[in-house]
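Shown next, in structure tokens, is the structure this report addresses.
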Amino acid sequence: MTGGVVSSLGKGIISSSLACLLKASGYRVTIQKFDPYINIDPGTLNPYEHGECYVTVDGHEADLDLGHYERFTNVRTTRANNVTSGRIFQSVIDKERRGDYLGKTVQIIPHITDEIKRNVKALGNTGDYDFVITEIGGTVGDIESLPFLEAVRQLRWELEDNCLCIHLTYVPYIHAAKELKTKPTQHSVKQLQQLGIQPDILVLRTEHDIPAQMRKKIAQFCNVAPDAVIQSVDAPSIYDVPVMMHEQHLDEIVLRKVHITPKGQPDMGPWKEFLTKMHSATRKVTIGLVGKYVELQDAYKSINEALFQAATYNDCVLDLKYIHSERLTPDNADEQLSGLDGVIVAPGFGQRGIEGKFVALKWCRTHDVPTFGICLGMQCMVIEFARDVLGLQDANSTEMDPHTPHNVIDLMEEQKSISNMGGTMRLGAYDCTLLDGSKVAKAYGATHVKERHRHRFEFNNDYRDRFEAAGMKCVGENPATHLVEVVEIPGLRWFIGTQYHPEYSSTVLAPSPLFLDFMRAAIAYRDEKAAK
């Protein structure tokens, strides 16, 4: 899967939609993303640069498109599903240092391209999948993408009929002329052809319906079969896209091009049930998301989607209000928070915006509003409670104040000797034992869960007894290390904080039980207010 003309066209959504359809047809499918930047992974990238950093079950910090892959397919991703130029170059250089190349000159071709091809084929070589969809990040023409595209050119010959190229491109609409323009697509395909790659299928991203005659013209100029030119018009939701792609036979075209006879219609029953709920919901539930990156739509992508899924399964329309934690003060808290049915206090790092999170948590706790703190949000719950309820005025995290006299949140012991930032946090899925009878255990319907983490700091167990005596219970812990994973205040409607990130594992067909329960609490609170 390659892209042209402009970025952000939705290669990840088209890849995920195709994977969803193939999986619903009974095939074993996975998706991988190749990113052309030199960073080893996006873990050290600022959200302003990259949006959300997604975490796989095996503890790899990955591109946010992997979140879409999992949400659409219910297939868990790993380190093998996301590779950057940085990892490719690092691997080649490590081999050169070991002497693996026997003194040869190490070059882009064949050494870098061979390493890319090895990674492309790695998932297929496991025997676990019938289809591996490989998305090449960036656009055709980017200098950074050239080694990946050269590797794709070589693979087209090596894999023969077991390989095809889908090219996603843009057909803009010029409002002044009231015309759709095909030239950008033609030039994009021409650039791809100059690199030795002939696309088998074109997906045309557009805001307006592209007439059949225009699609035929594009097919003719781009040397693509007319029935392999598909349009992707703006949809009400990304979750409508698989159905739209199936209506244009994308999955059938792919199967035919790799000489597989379609088995029949894909079983999209559960997916369509979700869409029916989504389109028929009328009652609104209003959730506030308190964070410092709220102006970036991708910074909290997995949280947004987990909330949307939970609202849909509760037959509601999600009205998500973004509240900038830097601008939230005791003076405007009533104005900003009073109309909300529930509040999420977002994860993050660093001092900026932290005081606004404390303001939100105190207001929600004292007004008994359903509240969900995730990672740093959970740590802020602990700090605010220590200051306001335990009377520890200087309580803090050593991340914010290394010299705080009350380090209720402290650096994890195994983190204290680490100086490198990249890939060194507590990452990936870990076990958590939940207190039987707690709200969180009831939400999961289990006392043992496994969720993904991304943090360096933790609840300080030296203060545990004081918190529990005052009403904040530590109801979830790692069974091996006894690190506190979940806190809750049982006396309130729904006031729960998790050190882990349950949003990462929430998918369309298997939404997060914790988000579902939080949404139920928010809806109950909304109805309670309406009845007064």
Side-chain angles (χ1 to χ4, degrees), residues 42-54 64 286-307 318-367 369-388 392-404 406-409 411 421 425 454-457 487 495-499 501 503 518 522:
T44 54
L45 288 173
N46 190 305
Y48 287 104
E49 291 275 333
H50 193 265
E52 172 188 77
C53 177
Y54 190 76
L64 58 84
T286 305
I287 304 296
L289 194 154
V290 181
K292 65 179 177 181
Y293 299 117
V294 293
E295 68 273 32
L296 305 171
Q297 70 172 27
D298 285 341
Y300 305 114
K301 192 66 179 174
S302 291
I303 292 175
N304 296 354
E305 297 306 319
L307 286 169
L318 176 66
D319 178 22
L320 188 57
K321 304 285 189 187
Y322 292 103
I323 299 161
H324 204 303
S325 58
E326 278 192 287
R327 300 173 196 149
L328 188 61
T329 67
D331 295 333
N332 64 19
D334 274 335
E335 177 191 346
Q336 297 238 37
L337 303 171
S338 58
L340 303 174
D341 303 320
V343 172
I344 293 261
V345 180
F349 296 92
Q351 176 67 37
R352 185 169 69 86
I354 202 82
E355 294 301 326
K357 291 183 177 182
F358 296 147
V359 168
L361 287 162
K362 181 174 181 179
W363 193 95
C364 291
R365 181 175 56 78
T366 54
H367 288 78
V369 175
T371 306
F372 191 177
I374 299 174
C375 200
L376 180 61
M378 171 266 199
Q379 295 174 4
C380 288
M381 278 183 165
V382 169
I383 295 166
E384 188 281 322
F385 191 88
R387 290 178 179 182
D388 198 60
L392 307 176
Q393 295 298 321
D394 297 322
N396 213 328
S397 165
T398 50
E399 179 185 9
M400 315 306 166
D401 178 7
H403 306 295
T404 175
H406 297 293
N407 54 336
V408 292
I409 302 294
L411 190 63
M421 290 183 68
M425 286 183 278
R454 185 175 185 247
H455 66 105
R456 294 184 191 282
F457 294 79
V487 297
F495 199 86
I496 294 173
T498 63
Q499 183 61 76
H501 291 258
E503 71 274 17
F518 168 69

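All figures in this text were calculated on a predicted structure; none of them were measured in a lab.
Between the NE2 atom of His403 and the CG atom of Asp401 there is a distance of 7.0 Å, given to the nearest 0.5 Å. Here Gln499 contributes atom CD and Ile409 contributes atom CD1; the two are 7.0 Å apart, rounded to the nearest 0.5 Å. Distance check, rounded to the nearest 0.5 Å: CD1 of Ile344 to OH of Tyr300 gives 11.5 Å. Here the straight-line distance linking atom CG of Leu328 with atom CG of Leu337 works out to 5.5 Å at 0.5 Å rounding. To the nearest 0.5 Å, atom CD1 of residue Ile287 and atom CD1 of residue Ile323 are 10.5 Å apart. The structure places CD of Gln336 at 10.5 Å from OG of Ser325, a figure rounded to the nearest 0.5 Å.
Considering all non-hydrogen atoms of both residues, Arg454 and Gly43 come closest at NH2-O, 3.0 Å.
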Candidate pair Leu307 and Phe518, rule side-chain contact (heavy atoms from CB on, under 4.5 Å), full reasoning: CA-CA 9 Å; Leu307 286 169; Phe518 168 69; 3.9 Å; yes
Give the C-alpha distance, both sets of side-chain angles, the deciding distance and a yes or no for side-chain contact (heavy atoms from CB on, under 4.5 Å) between Glu399 and Arg456. CA-CA 9 Å; Glu399 179 185 9; Arg456 294 184 191 282; over 6 Å; no
Set out, in order, the CA-CA distance, both residues' side-chain angles and the distance that settles side-chain contact (heavy atoms from CB on, under 4.5 Å) for Val345 and Met381, then state yes or no. CA-CA 9 Å; Val345 180; Met381 278 183 165; 6.0 Å; no
Going through the distances and angles, do Phe457 and His455 end up as a side-chain contact (heavy atoms from CB on, under 4.5 Å)? CA-CA 6 Å; Phe457 294 79; His455 66 105; 5.6 Å; no
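At least one donor-acceptor pair closer than 3.5 Å links the side chain of Thr404 to the backbone N or O of Asp394. With hydrogens and angles ignored, the 3.5 Å screen pairs no side-chain donor or acceptor of His367 with any backbone N or O of Val369. Of the possible donor and acceptor atoms, one in the side chain of Arg387 sits under 3.5 Å from a partner among the backbone N and O of Ala395. For the pair His406 (side chain) and Val408 (backbone), a donor-acceptor distance under 3.5 Å is absent. Although no hydrogens or angles enter the test, the distance criterion places no donor-acceptor pair under 3.5 Å between the side chain of Asp341 and the main chain of Ala522.
For Arg327, the CZ atom counts as loosely surrounded, since its 6.0 Å shell holds 12 or fewer non-hydrogen atoms of other residues, nucleotides or ligands. Heavy atoms of other residues, nucleotides or ligands lying less than 6.0 angstrom from CD of Glu49 number 12 at most.
Ser397 is not listed as a side-chain neighbour of Asn407, based on a closest heavy-atom distance of 4.5 Å or more. Contact of the Cys375 side chain with the His501 side chain is registered, since non-hydrogen atoms from C-beta on lie closer than 4.5 Å.
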Distance-only donor-acceptor hits, side chain of residues 289-296, under 3.5 Å, sequence neighbours excluded:
| from | atom 1 | to | atom 2 | distance (Å) |
| --- | --- | --- | --- | --- |
| Lys292 | NZ | Phe349 | O | 2.4 |
| Glu295 | OE2 | Tyr48 | OH | 2.7 |

Would you give me the side-chain donor-acceptor pairs under 3.5 Å for residues 353-365, sequence neighbours excluded?
| from | atom 1 | to | atom 2 | distance (Å) |
| --- | --- | --- | --- | --- |
| Lys357 | NZ | Ala346 | O | 2.9 |
| Lys362 | NZ | Asp388 | OD1 | 3.2 |
| Trp363 | NE1 | Asp334 | OD1 | 2.6 |
| Arg365 | NE | Glu384 | OE1 | 3.0 |
| Arg365 | NH2 | Glu384 | OE2 | 2.8 |
| Arg365 | NH2 | Asp388 | OD2 | 2.7 |

